[in-house]
Amino acid sequence: MRKIGAWVVYALVFFAAISCVSNEKVIYLQNLENNQPINEGELISYEIPEYRLQYNDIIDVNIQTAEDMLQSGFGNKVVAGNNQMQMAAQSGGDIYYMTGYTVDKNGFIRLPIIGEVQVKDKTIDEARVIIESKLREFLKNELYVKVKLGGIRYSALGEFRRPGKFVVLQDRMTIFEAIANAGDLTTVAKRDEVLLIRQYPEGTKLHRINLNDRGIIQSPFYFIQPNDQLYVEPMKVREVGAGENAAQSLSLIISAITVAVLLINTFTR
C-alpha cells in the first residue's frame with residue numbers, strides 16, 4: 001500500500017507541474033532572447049499602408065451642397081435614423097449594413113443618381129475623388145463629399161473570453177485593441193502562435209503572430225485591417241484538464257487527492 005500511496009503522490013506532483021502556465025507564456029510584449037530589444041520610452045516608427053477597398057467592404061458616403069451646409073452647418077446631413085444606429089451599436093449590430101454601400105464581387109458600389117462606381121483596390125480618398133467627379137456631371141452646385149470606411153469588421157475565434165464577430169467604429173485599430181474588445185485571451189491561449197487570416201486583392205494569406213514578442217509593434221500585423229480573422233489555439237495544458245488559474249488548479253488537485261484517498265481506503269479494506 002505504501003507503493004500505491006507513493007505512486008499517487010508522484011502522480012499528483014506531476015499533474016500539479018503540468019497544470020501550471022508560466023508567466024513567460026502569458027505576458028504580452030516581452031523583449032525575447034535573440035531579438036533586438038526595444039526599451040520602454042523608445043520611439044518606435046512604423047508605416048501604415050493605406051487600406052484599399054475590397055469585396056464586401058461597406059463605405060459611408062455623405063454628400064452636402066452649399067445649401068445643406070447653410071441649413072445644418074458643417075455637421076452631417078443625415079440626421080434621421082440616428083436612433084436606429086444607436087440601438088444597433090448598443091446591441092452589437094452592424095450600424096452601416098443598412099445605411100452604407102457595400103462593395104460587390106465586381107468591385108462596384110451603387111449610388112443614387114450616378115449609378116455604379118468602381119471602388120475596388122482604391123483608397124478611401126481615391127474613392128471620394130471618383131464619386132465627387134461623377135456627381136459634378138449631374139450637380140453644378142458647390143459640393144462637399146465625405147467618404148469613410150463603415151467601421152472595421154473582424155472575427156475572433158478560439159481561446160478568447162468573448163469570441164465573435166465585431167464591428168469597431170474606428171479608422172485604425174491595433175491587434176491588442178481587437179483582443180481587448182473580445183474580452184482578452186484565456187490563460188491557456190497560445191499567445192506565441194496566433195493565426196491571422198488576412199484578405200489581399202489577390203487572395204487570402206495566413207500569418208503566424210507572436211504576441212509575447214515586443215517586436216510585433218514594428219510588424220505589418222500590428223494594425224488590424226477590415227475582414228481580418230484571428231484564431232487562437234489552446235495550449236497542451238488544456239488537454240489534461242488543468243484550470244485557467246491557481247485557484248482552479250488547486251481545486252482540481254484537491255479533488256484528485258480526495259479521489260486517491262477514497263481509492264486507497266477502498267483497496268485496504
Side-chain angles (χ1 to χ4, degrees), residues 44-64 76 78 85 88-89 93-138 143-157 164-182 194-209 211 215-231:
I44 303 172
S45 59
Y46 46 76
E47 292 184 5
I48 306 176
E50 283 193 283
Y51 180 71
R52 295 189 175 274
L53 295 170
Q54 303 174 28
Y55 165 60
N56 215 33
D57 279 343
I58 299 177
I59 60 176
D60 179 48
V61 181
N62 184 258
I63 302 166
Q64 289 181 283
N76 288 340
V78 180
M85 294 176 68
D94 192 335
I95 67 175
Y96 285 108
Y97 178 74
M98 299 299 293
T99 61
Y101 299 92
T102 304
V103 182
D104 65 22
K105 62 181 180 181
N106 297 317
F108 290 89
I109 58 171
R110 185 173 179 81
L111 295 173
I113 301 177
I114 62 177
E116 292 188 335
V117 180
Q118 172 67 259
V119 297
K120 185 181 178 183
D121 297 335
K122 301 289 190 298
T123 66
I124 292 295
D125 194 55
E126 289 171 348
R128 178 192 61 78
V129 171
I130 295 172
I131 294 171
E132 186 172 344
S133 64
K134 287 184 174 294
L135 277 170
R136 292 193 182 279
E137 297 176 7
F138 299 91
L143 288 176
Y144 171 76
V145 179
K146 183 173 73 173
V147 178
K148 290 180 68 67
L149 193 65
I152 298 175
R153 292 158 184 78
Y154 73 97
S155 300
L157 309 170
K165 185 176 181 180
F166 301 92
V167 181
V168 180
L169 301 183
Q170 297 177 196
D171 294 327
R172 187 177 72 173
M173 180 174 61
T174 69
I175 191 170
F176 291 105
E177 288 178 301
I179 292 171
N181 194 49
V194 175
L195 181 63
L196 171 66
I197 306 171
R198 174 163 290 179
Q199 294 184 17
Y200 295 89
E202 62 274 13
T204 301
K205 293 182 181 180
L206 307 179
H207 305 281
R208 286 287 180 182
I209 300 172
L211 299 177
I216 189 177
I217 299 177
Q218 298 174 318
S219 79
F221 312 116
Y222 182 56
F223 290 97
I224 288 290
Q225 292 188 6
N227 305 313
D228 276 355
Q229 299 174 59
L230 296 170
Y231 173 66

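What you see is a predicted model; the values in this text were computed from it and never measured. The first residue of the sequence shown is numbered 1, and numbering continues consecutively from there.
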- Heavy-atom pair of closest approach, residues Asn227 and Tyr55: ND2-O, 4.3 Å
- Message: Just checking Glu50: does its CD atom have more than 12 heavy atoms from other residues, nucleotides or ligands closer to it than 6.0 angstrom?
- Response: no
- Using the test salt bridge (Lys or Arg N to Asp or Glu O under 4.0 Å), find all partners of Asp57 that sit at least two apart in sequence or belong to another chain. none
- Qualifying residue, where the test is side-chain contact (heavy atoms from CB on, under 4.5 Å) with Leu53 and the options are Ile58, Ile59, Thr123, Val147: Ile59
- Any side-chain heavy atom of Ser155 within less than 4.5 Å of one from Lys165? yes
- Say you draw a straight line from CZ of Phe108 to OG1 of Thr102; how long is it, rounded to the nearest 0.5 Å? 15.5 Å
- Shortest non-hydrogen contact from Glu177 toward Thr174: OE1-N, 2.8 Å
- Do Tyr96 and Arg153 have side chains that get closer than 4.5 Å, going by heavy atoms? yes
- Task: Tell me, yes or no, whether the heavy-atom count around Arg110 atom CZ, taken from other residues, nucleotides or ligands under 6.0 Å, exceeds 12.
- Result: no
- Would you say the side chain of Glu137 lies within less than 4.5 Å of the side chain of Ile114, judging by non-hydrogen atoms? no
- Using a strict 4.0 Å threshold on nitrogen-to-oxygen distance, state whether Arg198 and Asp228 make a salt bridge. yes
- Under the salt bridge (Lys or Arg N to Asp or Glu O under 4.0 Å) test, which residues partner Asp171, sequence neighbours left out? Lys148
- Spell out, as yes or no, whether a donor-acceptor pair under 3.5 Å connects the side chain of Asp104 to the backbone of Asn106. yes
- Going by heavy atoms in the side chains, are Leu196 and Leu230 under 4.5 Å from each other? yes
- Task: Hey, can you tell me if Tyr200 and His207 have their rings parallel, tilted or perpendicular (30° and 60° cut-offs)?
- Result: perpendicular
- Nearest heavy-atom contact between Ile216 and Ser219 is O-OG, 2.8 Å
- Task: For the pair Tyr101 (side chain) and Val61 (backbone), establish whether a donor and an acceptor sit closer than 3.5 Å, ignoring hydrogens and angles.
- Result: no
- Nearest heavy atoms of Val145 and Arg128, plus distance in Å: O-CD, 3.4 Å
- Note on the structure: Of all heavy-atom pairs linking Ala178 and Ile224, the shortest is CB-CG1, 3.8 Å
- From Lys146 atom NZ to Ile63 atom CD1, the distance as rounded to the nearest 0.5 Å: 12.0 Å
- Can you name the nearest heavy-atom pair linking Lys122 to Gln118, along with the distance? CG-O, 4.3 Å
- Query: How many angstroms lie between atom CD of Gln199 and atom CD of Gln229, to the nearest 0.5 angstrom?
  - Reply: 7.0 Å
- Looking at CZ of Arg172 and CD of Gln225, how far apart are the two atoms once the value is rounded to the nearest 0.5 Å? 13.0 Å
- Out of curiosity, Ile109 CD1 to Ile130 CD1, how far, rounded to the nearest 0.5 Å? 9.0 Å
- Query: Glu126 versus Arg52: any side-chain heavy-atom pair under 4.5 Å?
  - Reply: yes
- Separation between CG (Leu206) and OH (Tyr231), nearest 0.5 Å, reads 12.5 Å
- Task: Check the pair Leu157 / Leu195 against side-chain contact (heavy atoms from CB on, under 4.5 Å), numbers first and verdict last.
- Result: CA-CA 10 Å; Leu157 309 170; Leu195 181 63; over 6 Å; no
